[in-house]
2 protein chains.
Amino acid sequence: MAGKSNANSGEPKWLNPREMAAWRSYIIASRRLLEAMELDLENHDLSMADYEVLAQLSDAPGRRLRMSELAEIAMISKSRLSHRMKVMEAAGWVRREECTEDKRGYFAVMTDKGWKAIVKAAPDHVNSVRNRLVDHLTSKDQEDLSKIFNRVTDKLRDQFIEEGASIKK
Amino acid sequence: MAGKSNANSGEPKWLNPREMAAWRSYIIASRRLLEAMELDLENHDLSMADYEVLAQLSDAPGRRLRMSELAEIAMISKSRLSHRMKVMEAAGWVRREECTEDKRGYFAVMTDKGWKAIVKAAPDHVNSVRNRLVDHLTSKDQEDLSKIFNRVTDKLRDQFIEEGASIKK
DNA sequence: GAGAAGTAATTCAACTTTCAACTAAATCGT
DNA sequence: ACGATTTAGTTGAAAGTTGAATTACTTCTC
């Protein structure tokens with residue numbers, strides 16, 4: 001971990017053909033997949049990010065969540081959530097409620113109209129997940145995929161902690 | 001394929017736990033992975049998309065490609081490429097050259113400076129691919145991944161052709 | 001070879017996302 | 001209990017992206 005931050009130490013270790021194939025097929029498929037799924041959701045005037053926000057809200061107790069928590073579990077920035085909430089509020093899908101315990105805070109609350117919107121979109125979205133990905137995988141593939149990508153997420157979390165720590169130090 | 005375009009026919013077939021786990025672990029990891037890798041590239045003032053554009057250019061004969069072809073293989077829209085080219089041109093990494101055989105067309109040409117920039121960024125990027133993904137996979141995992149995602153891309157292409165055809169009809 | 005249709009690339013306008021700055025409230029340390 | 005710091009959330013400006021419209025050229029068809 002010496003030297004310039006993130007610099008390559010020594011000669012780089014290039015990818016062998018197997019590694020390269022894995023990386024390329026992953027990166028190409030993931031782009032195309034996302035593209036196709038965004039397109040599928042457009043029929044419901046939703047992006048994947050907005051869908052995720054509404055889905056998380058609809059799962060939450062009382063269909064309400066603090067802004068920060070919602071941003072975190074929907075994996076978008078607080079700023080971005082603020083902006084999207086404004087749009088979704090205008091669409092009548094959500095509203096904001098003050099938090100009495102912490103007067104800095106707000107709850108994002110899903111409206112009936114928002115609930116109807118997500119209930120309408122969900123079957124098509126599940127279909128999209130199937131048609132574009134899941135139905136092309138055997139049970140074994142599905143298990144492999146879970147295992148691999150859970151590991152990736154775990155490692156990223158570890159790295160995030162390490163890097164965060166080294167910045168603090 | 002009857003009824004409203006893309007509408008759910010009958011009751012939706014929800015994901016079982018195995019399918020849901022595969023989907024969730026994939027979508028979460030892919031978001032985080034992309035995020036981490038974009039961050040890694042920021043040290044070189046590059047986004048993944050810009051890196052891909054430069055990488056494709058650097059691989060091309062004469063380090064030059066027609067705009068349309070570059071957009072296609074870098075998997076971005078022509079419009080987006082035009083905008084990015086303006087930025088990268090200002091940075092001195094690329095320049096545009098008129099195409100004499102087809103006067104509507106232009107070549108994107110990588111400059112020496114651009115070449116130096118990508119040569120400098122490449123080792124770190126490979127490192128990023130390794131640290132964030134490839135090195136956490138066994139050879140078997142890598143092969144599984146290739147197989148699965150090549151299949152996904154193939155199916156997406158088939159679907160794209162079908163859907164394209166049905167719009168034309 | 002003239003007009004219709006198609007293609008290459010850019011541009012414009014609308015929209016989205018990011019980043020930094022900001023407000024206001026809570027918490028911490030002494 | 002007071003100032004300092006942290007946290008919740010929003011905002012505004014800048015940058016990025018998209019899709020439709022536009023321009024300039026090419027190709028096709030008769």
Side-chain angles (χ1 to χ4, degrees), chain A residues 31-32 34-43 45-54 57 64-91 93-109 164 167-168, chain B residues 31 34-39 41-43 45-54 57 64-91 93-109 164 167-168:
Chain A
R31 271 187 184 291
R32 296 286 188 217
L34 199 63
E35 188 176 50
M37 297 194 58
E38 294 279 6
L39 207 63
D40 291 341
L41 267 178
E42 262 178 34
N43 297 323
D45 291 307
L46 283 168
S47 64
M48 291 275 276
D50 286 355
Y51 183 91
E52 187 67 21
V53 167
L54 292 181
L57 260 187
R64 50 198 274 115
L65 281 171
R66 288 291 292 274
M67 293 295 285
S68 291
E69 198 187 347
L70 181 50
E72 177 136 9
I73 62 182
M75 296 195 290
I76 61 176
S77 71
K78 272 138 63 86
S79 166
R80 183 171 172 186
L81 179 59
S82 266
H83 288 299
R84 294 314 299 156
M85 280 290 290
K86 219 174 301 165
V87 174
M88 293 200 252
E89 206 164 16
W93 290 342
V94 294
R95 86 192 119 77
R96 262 175 279 217
E97 260 175 37
E98 292 183 12
C99 173
T100 47
E101 302 93 75
D102 184 338
K103 295 221 209 112
R104 293 167 304 181
Y106 286 87
F107 287 97
V109 189
I167 286 161
K168 290 271 164 190
Chain B
R31 272 187 183 293
L34 198 63
E35 189 176 49
M37 296 193 59
E38 293 279 6
L39 208 62
L41 268 178
E42 263 177 35
N43 297 323
D45 292 307
L46 283 169
S47 64
M48 291 274 277
D50 286 354
Y51 182 91
E52 187 67 21
V53 167
L54 292 182
L57 261 187
R64 50 199 275 118
L65 280 171
R66 288 290 293 273
M67 292 295 285
S68 292
E69 198 187 346
L70 181 51
E72 177 135 10
I73 62 182
M75 296 198 288
I76 62 177
S77 70
K78 271 138 65 87
S79 166
R80 186 172 171 185
L81 179 60
S82 268
H83 289 298
R84 294 314 300 157
M85 280 291 290
K86 217 175 303 165
V87 174
M88 293 200 255
E89 205 163 18
W93 291 341
V94 293
R95 85 191 120 78
R96 260 173 281 219
E97 259 175 37
E98 292 184 13
C99 174
T100 45
E101 301 93 73
D102 184 339
K103 295 221 210 116
R104 294 167 303 181
Y106 285 87
F107 286 99
V109 189
I167 285 159
K168 292 269 164 192

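The sequence lines fix the lettering, A, B, ..., with proteins before strands; numbering per chain opens at 1.
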Trainee: Is any N or O donor-acceptor pair between the side chain of A:His83 and the base of C:dC15 shorter than 3.5 Å?
Mentor: no
Trainee: Quickly work out the B:Leu70 CG to C:dA9 P distance and round it to whole Å.
Mentor: 10 Å
Trainee: How many whole angstroms separate atom CE of B:Met48 from atom P of D:dT17?
Mentor: 13 Å
Trainee: Are any of A:Arg104's side-chain N or O atoms less than 4.0 Å away from OP1 or OP2 of C:dA24?
Mentor: no
Trainee: Figure out the CD/C1' separation between B:Glu101 and D:dA24, and round it to whole Å.
Mentor: 17 Å
Trainee: Give a yes or no on whether A:Glu72 atom CD has more than 12 heavy-atom contacts from other residues, nucleotides or ligands under 6.0 Å away.
Mentor: no
Trainee: In terms of the nearest nucleotide of DNA chain C, which residue is placed more toward the 5' end: A:Thr100 or A:Ala49?
Mentor: A:Ala49
Trainee: Hey, does the side chain of A:Arg84 come within less than 4.0 Å of C:dT17's phosphate (OP1/OP2), counting only N and O?
Mentor: yes
Trainee: If you take atom types as modelled and just measure distance, does the side chain of A:Ser82 reach the base of D:dG9 with a donor-acceptor pair under 3.5 Å?
Mentor: no
Trainee: A:Lys103 NZ to D:dA8 P: how many Å, rounded?
Mentor: 17 Å
Trainee: Quick check on C:dA9: is either OP1 or OP2 less than 4.0 Å from any side-chain nitrogen or oxygen of B:Arg96?
Mentor: no
Trainee: Starting at atom OH of B:Tyr106, determine the distance to atom P of D:dT23, rounded to an integer number of angstrom.
Mentor: 15 Å
Trainee: Given the ring of B:Tyr106, does B:Arg96 sit roughly above its face, with NZ or CZ under 6.0 Å from the centre of the six-membered ring and within 45° of the axis?
Mentor: no
Trainee: If you compare all heavy atoms of A:Arg80 against all heavy atoms of A:Ala49, which two are closest, and at what distance to 0.1 Å?
Mentor: NH2-CB, 3.4 Å
Trainee: Given atom CG of A:Asp50 and atom C1' of C:dC15, what is their separation to the nearest angstrom?
Mentor: 12 Å
Trainee: Which atom names give the shortest non-hydrogen contact between B:Glu38 and B:Ser47, and what distance separates them?
Mentor: OE1-CA, 3.5 Å
Trainee: Test for a donor-acceptor pair under 3.5 Å between the base of C:dC19 and the side chain of A:Ser79, counting only N and O atoms.
Mentor: yes
Trainee: Quickly work out the B:Glu42 CD to D:dG16 P distance and round it to whole Å.
Mentor: 11 Å
Trainee: Output yes when at least one side-chain N/O atom of B:Lys78 is less than 4.0 Å from OP1 or OP2 of D:dT18, else no.
Mentor: no
Trainee: The side chain of B:Arg80 lies closest to which of these nucleotides: D:dT18, D:dG9, C:dC19?
Mentor: D:dT18
Trainee: Ion pair present between A:Glu35 and A:Arg32, side-chain N to carboxylate O less than 4.0 angstrom?
Mentor: yes
Trainee: Starting at CG of B:Asp102 and ending at C1' of C:dG6, how long is that distance when rounded to a whole Å?
Mentor: 12 Å
